[in-house]
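The basis for the numbers below is simple: all heavy atoms, side chains too, and nothing from hydrogens, waters or symmetry mates.
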Amino acid sequence: MIFSEILVLFLALVIAITLVLMLRKLFFGRKSKIQIDKKVNSRELFEPVGSENSEREVFQDNDLEKLSENGDLDSSQEGEIENTQSEMLTLHLENSEESKFSYDAIKKFLGSNKIEYNDEGGWFKILIEENDSFLLINGLNPGKFIPEDDLLETQVMTLVYSFKPKANSVSAFSKMIDIAQLMAENFQSEILDSDRNNLTKQMVDHYSQIAEEFDLKNLA
């Protein structure tokens, strides 16, 4: 008799805990937006703001150069892509295997959110300010969508900002974060840092510091 009562109490406790966890996930599971929270300097630089089952290899940072080598970038665009992480900031958006990014859906997203962009033939140049932009590319090899080969979906999208002298790199990175978060919400994806770990506020501050240091070195 005592055993039966204990079993009933145990089952009731398990059910109660399960309900509490479900309610917590339902009402508090939404991630808050990551913001760049830094002081404004005299130049006003700061503004508030892969899967193992993948069919293709992850598009690595040092593979970006291959776009140029294959003739997919003209001479004016080659300067946007550098081969060292010290000269660029990289973020990744990753979806589940069941919910991939599609070429048409990304173009629709960019247009509906009034984001200025150029379709460079399977990958995108997101226009930030005059003479400044970042790249939005297929995060898996070959680094772009290829409609003629029916390559229209990917599990990973990569955002790449290449530092440019006299540009407002911190402001550009802030806008890249904003667009990454919009995409993450729209496509229900995770934002990852350059090492493909979940992006944290600490990493955002770290990247912002890198951008600030670059800008300060190029004030002239």
Please identify each residue that fulfils side chain to side chain contact (heavy atoms under 4.5 Å, CB included) with [X], with sequence neighbours left out.
X      : value
Asn186 : Phe109
Ser112 : none
Asn131 : none

Taking the side chain as every heavy atom from C-beta outward, state whether [X] and [Y] have any pair of such atoms under 4.5 Å apart.
X      : Y      : result
Leu93  : Glu190 : no
Glu212 : Ile210 : no
Ser133 : Ile126 : no
Ile177 : Val204 : yes
Arg196 : Thr158 : yes
Ile115 : Ile179 : yes
Asp215 : Asn168 : yes
Leu192 : Val156 : no

Does the [X] side chain pair with the main chain of [Y], one donor and one acceptor, at a distance under 3.5 Å?
X      : Y      : result
Asn138 : Leu140 : yes
Asp193 : Asp195 : yes
Asn95  : Gln155 : no

Residues that [X] engages under salt bridge (charged side-chain N to carboxylate O under 4.0 Å, His left out), provided they are two or more places apart:
X      : value
Lys108 : none
Asp132 : Lys164
Asp119 : none

Gap between atom [atom2] of [Y] and atom [atom1] of [X] - 0.5 Å precision:
X      : Y      : atom1 : atom2 : answer
Leu89  : Met176 : CG    : CE    : 5.5 Å
Tyr207 : Ser169 : OH    : OG    : 15.0 Å
Ile137 : His92  : CD1   : NE2   : 8.5 Å

request  = Measure across Gly143 and Trp123 and return the closest heavy-atom pair with its distance rounded to 0.1 Å.
outcome  = O-CB, 4.3 Å

key: Under the side chain to side chain donor-acceptor pair (under 3.5 Å) test, residues paired with Glu213 that sit two or more places apart   = Gln209

query = Any salt bridge between Lys175 and Glu129, counting N to O under 4.0 Å?
reply = yes

key: Contacts of Phe124 that satisfy ring pair (Phe, Tyr, Trp, His ring centres under 6.0 Å) - sequence neighbours left out   = Tyr103, Tyr117

Test of ring centre spacing under 6.0 Å for Tyr161 and Phe173 = no

inquiry  = Please identify which of these residues, Leu136, Leu91, Asn113, Ile191, meets the side chain to side chain contact (heavy atoms under 4.5 Å, CB included) condition with Met183.
reply    = Leu136

